[in-house]
Structures are given as C-alpha cells and as structure tokens.
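Below is one structure, written out as structure tokens; the observations come after it.
Convention: sequence-line order gives letters A, B, ...; per-chain numbering from 1.
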Protein chains: 2
Amino acid sequence: MSTAAATRRGIPDASVARLPGYLRALTALADAGIASVSSEELAGAAGVSSAMLRKDLSHLGSYGVRGVGYDVERLASEIAAALGLTQDWPVAIVGMGNLGRALAAYRGFAERGFRVIALLDRDPRVVGEEVSGRVVRPMTDLATLVRDEGLSVGVIATASDGAQDACDALVAAGIRSVLNFAPVLLSVPEDVAVRTVDLSTELQILAFHGQRNAVAEAVAP
Amino acid sequence: MSTAAATRRGIPDASVARLPGYLRALTALADAGIASVSSEELAGAAGVSSAMLRKDLSHLGSYGVRGVGYDVERLASEIAAALGLTQDWPVAIVGMGNLGRALAAYRGFAERGFRVIALLDRDPRVVGEEVSGRVVRPMTDLATLVRDEGLSVGVIATASDGAQDACDALVAAGIRSVLNFAPVLLSVPEDVAVRTVDLSTELQILAFHGQRNAVAEAVAP
DNA sequence: GCGTGTGAAAATCTTCACAGCG
DNA sequence: CGCTGTGAAGATTTTCACACGC
C-alpha cells in the first residue's frame, strides 16, 4: 500500500488529533539542532506513550529505522504532508469584536503556516476600519475571496447570535473548514468540517476534575 | 448507589466532555420557556445521538420520566451539580498580551458562572496598568489570591516561552486546574488538571479534513 | 543489541434494541 | 402507548509484547 493510499483511507481520528502535537515537538527538536529521535523521546516531548506514538506513525507509513529511531526533519515533513500542510490554507476571520481582534493580532497562525488573508464583519460601522494593519471587509466579499484568493478556512469570532449566519455565509461562499469560537452548535452540510472551541466548556470540564480531586482528598487525605 | 456516589466514581471522560453541551442546550430551552424535553429533542439540540445522550445521563442518575422526557430545569441543575458548578471557581488570567486582554474583556465567563477575580502579568511595566476595569497584578500576588479569595483556576495566556513558568507559579500557589492557550506541553504534578487549547492544532486538524474532502471529490466527483 | 512496526489483547466508547415503567 | 434506562453487541482506541531488520 502506497503512502498516499494510507493517507487517503482511514487514519483514525484520534490519531489525526495527535499529529499536530508530534509536529510541534519535532519542530522544537529541529530548532534545538537534534537530527534523530527515538519513539520514547518523541513521545515524552509530545506527552503520549511511546507505543501510541509508534502506532500513530504506523498509519502514515514506515519512516523510522529499527534500532535507531526517526530522522527529525524527515518525519516532520511526512506528518506535515499527511496533514495536508504542503498546500496553502488561506484563512479569514469573521467578527471583529474583542476576540476577533486578538486573533487578527495573533502571530501563531503565520508561524504554523496559516496565512490570514482577510478580516470581515457584518457591521457597516466596523467595515473599512483598520485592524492589525488590515482593512476590515464586508461579508459580501467572501465569494470573491474564495474564487480569487483561494480562501478555504473560516474562523468565526462573532457573538453567539451571529455565529450561524456567519457560518451560513462561509458555507455559501464555498468554504468547507470552519473554526468556531462561539458557544453554539453550528448546523452545516455534512461535507463541511467544523471544530468548536468553547472556553466555558473547557472551564466546566476543569471544574469537574477539580471537584473530583477535592472529593478524593476528603476520602483519602 | 446514591447520586453522589455515581458522581464520585467514574463518569467516563468522554461523557464529562459532553455535559457542558447538554447544559448549554438546556439553558437555551429554559430561556425559550420550554419545561420538558425528550432525549431525542435534547440530543438534536446538543448534536449527539439520543442513545448517547441517555447513556451519558444514566451515569448521573435517573432523572427522566418514562414515556414523557426530562424536566428542563431539574436536569440542568443535576448536570450543573455533577460538573461541580454549585461551587464557585474563581479564575485568574495570566499574561496580558492580545489574547489575555481579549479574555479579560470576554463576557462569556461570567455568563456561565466563572468569576474572573484577577489579571496578572510578570512584566513590571504592565503591572499596575488597568485592563477591562481591573488593575493588573504581579505574579507574587498568587498566593494571597488563593488563600484569601479562593482562587482555583488559572488561565495561561502568555507567550509560549513564559507558559511553563506561569504554570509553575500557579501550581506553587496551590492551583489545581489550568486552562492553557500557549502551544506547549505543560508539565505538572499528576493531581493538576490541564486543558490546552491550541488554535494552530485546530487549524491543522481542519486542514487534514479539508484535504481528505478534496481527495474524495477527485476520486468520486 | 536496539528500537521500530505490528498483530493480538485489553480497555474504552458508541450504538442497538428492547424491557420496564409511568 | 411512548420514552427512558440499560444490558449486550459492535466499533474504536490504547496497551502489550515481541518478531523483525538495521
């Protein structure tokens, strides 16, 4: 089975979700001038078990050397290829409230190869304003951005009540990948991928664990 | 087995991670004046299957009525109790860069019952500055905040290279729950819960799915 | 010899399908 | 009768443990 075939069919979702972590660890190793790494070391750097790391990598192909380990650069580029990072994924951020502005100023996107090519807002009073060196554009520009600039990822940073509208506009313009920061369930056609990041959800999960700790401590202090 | 006992032992992690979604849907229903809901309806509103919803709820106890459904208010408060939201979880945000300021201005925390009681930064030039109506405090205030104000959750919004230091300071002050926005693996004692939200990771996962779609389309257009 | 790659086993999570209760 | 709660089946994910190849 060719690498491309392996990539095409099922890499398990759980595995895909960990690949960015491996890539991050490999990049750090490369920056530190380390050329080769064992599964044990890389797993430690990524916070997983070595068995899981090897199983995950086995879905991509066989890029290690038995008795030695992995070539850092090589493995990094194989993972990047599996994730589809060899191509460009231009990003637009919709909603120029506090969060949208913070995201617009965030340098991490560019560092990991995601170009933010547009900032948008539905409010005519915000459109035309300059944010982080870019002019905010109206939602009606979406179709053009997709057609002429290859826009392919939308980030929703609107308030909750505008999120579904923003999403519908992105989908209508042809975007298939949405990163949503609004605490709502977005409804989309099934060929559109949505990932929602909700701060309150994260805090509530932490509250659960905090509570659990407190109880465990009371039982066995 | 009592409810408290059920809560104490294992609610599966996957189940815990969905409870906030149910709570959000229930709150929306309550706001819309709806008093009773079936598993089918609630599951739809939360984006899961009805079987999964019922299984998840069965871990909390038996709060539905056969042939009828669930009382919206009642179920919401049982879920809140299971998550530990009956108690207060005061939050501090560490790092007053772009993201920290956006989080400081975010209203969603308060809406879901998390009080932000302090903003901190390690940079003396930022300490003392006013952000969203609060004076930024130095890291050395952490111990006092934990002791006197019950601070229990730390949000790390620093740059990557300051994140582990910030985390160590939080842990040293006695905090057991950390929400991390820096793209690094934090190392903590095992009784500390960390959840990391990394925007680039999310985008990379979306890139994978986008690529997959593109391939699928090429194969079967 | 050493560390990868991988079948097989174990654990976890999701779906099915229906008994049971209001 | 209708919908919940739940054992059992099925799917997925993780861990184990060792054969294999440099």
Keeping A/D191 on the side-chain end and B/N213 on the backbone end, is there a donor-acceptor pair under 3.5 Å? no
Other residues, nucleotides and ligands only: do more than 12 of their heavy atoms fall within 6.0 Å of CZ on B/R18? yes
Atom-to-atom span, CG of B/L57 to P of C/dC13 - whole angstrom: 16 Å
Interatomic distance where CG belongs to B/D56 and C1' belongs to D/dT4 [whole Å]: 14 Å
Expected list for residues 36-44 of chain B near DNA chain C, using heavy atoms below 4.0 Å, is none
For the side chain of A/R107 and the backbone of A/A105, is there at least one donor-acceptor N/O pair under 3.5 Å apart? yes
Walk along nucleotides 17-22 of chain D from 5' to 3' and tag each nucleotide B, S or - by protein heavy-atom contact under 4.0 Å, base first, then sugar-phosphate. B-BBBB
Restricting to non-hydrogen atoms, name the atom on B/L42 and the atom on B/V37 that form the minimum distance, rounded to 0.1 Å. N-CG2, 3.7 Å
Using a heavy-atom cut-off of 4.0 Å across all strands, would you classify B/S49 as base, sugar-phosphate, or nothing? sugar-phosphate
Do other residues, nucleotides or ligands put more than 12 heavy atoms under 6.0 Å from the CD atom of A/E73? no
What is the distance from CE of B/M52 to P of D/dT12, rounded to the nearest Å? 14 Å
Distance check needed: C/dT15 P versus B/K55 NZ, whole Å only. 12 Å
A/L186 CG to A/R195 CZ distance, which is reported to the nearest 0.5 Å: 13.5 Å
Here the distance between atom P of D/dG5 and atom CD1 of B/I11, to the nearest Å, is 15 Å
Given atom CG of B/L53 and atom C1' of C/dT15, what is their separation to the nearest angstrom? 14 Å
Can you tell me if B/Q164 uses its side chain to pair, donor with acceptor, with the backbone of B/S187 under 3.5 Å? yes
Smallest separation among heavy atoms of A/A182 and A/T158, with atom names: CB-O, 4.0 Å
When you check the phosphate oxygens OP1 and OP2 of C/dG22, does a side-chain N or O of B/Y70 lie under 4.0 Å from one of them? no
Between C/dA11 atom C1' and B/D13 atom CG, what is the distance in whole Å? 13 Å
Would you kindly give the NE2-to-P distance between A/H59 and C/dG7, to the nearest whole Å? 11 Å
Examine distances only and state if a side-chain atom of B/N180 and a backbone atom of B/V194 form a donor-acceptor pair shorter than 3.5 Å. no
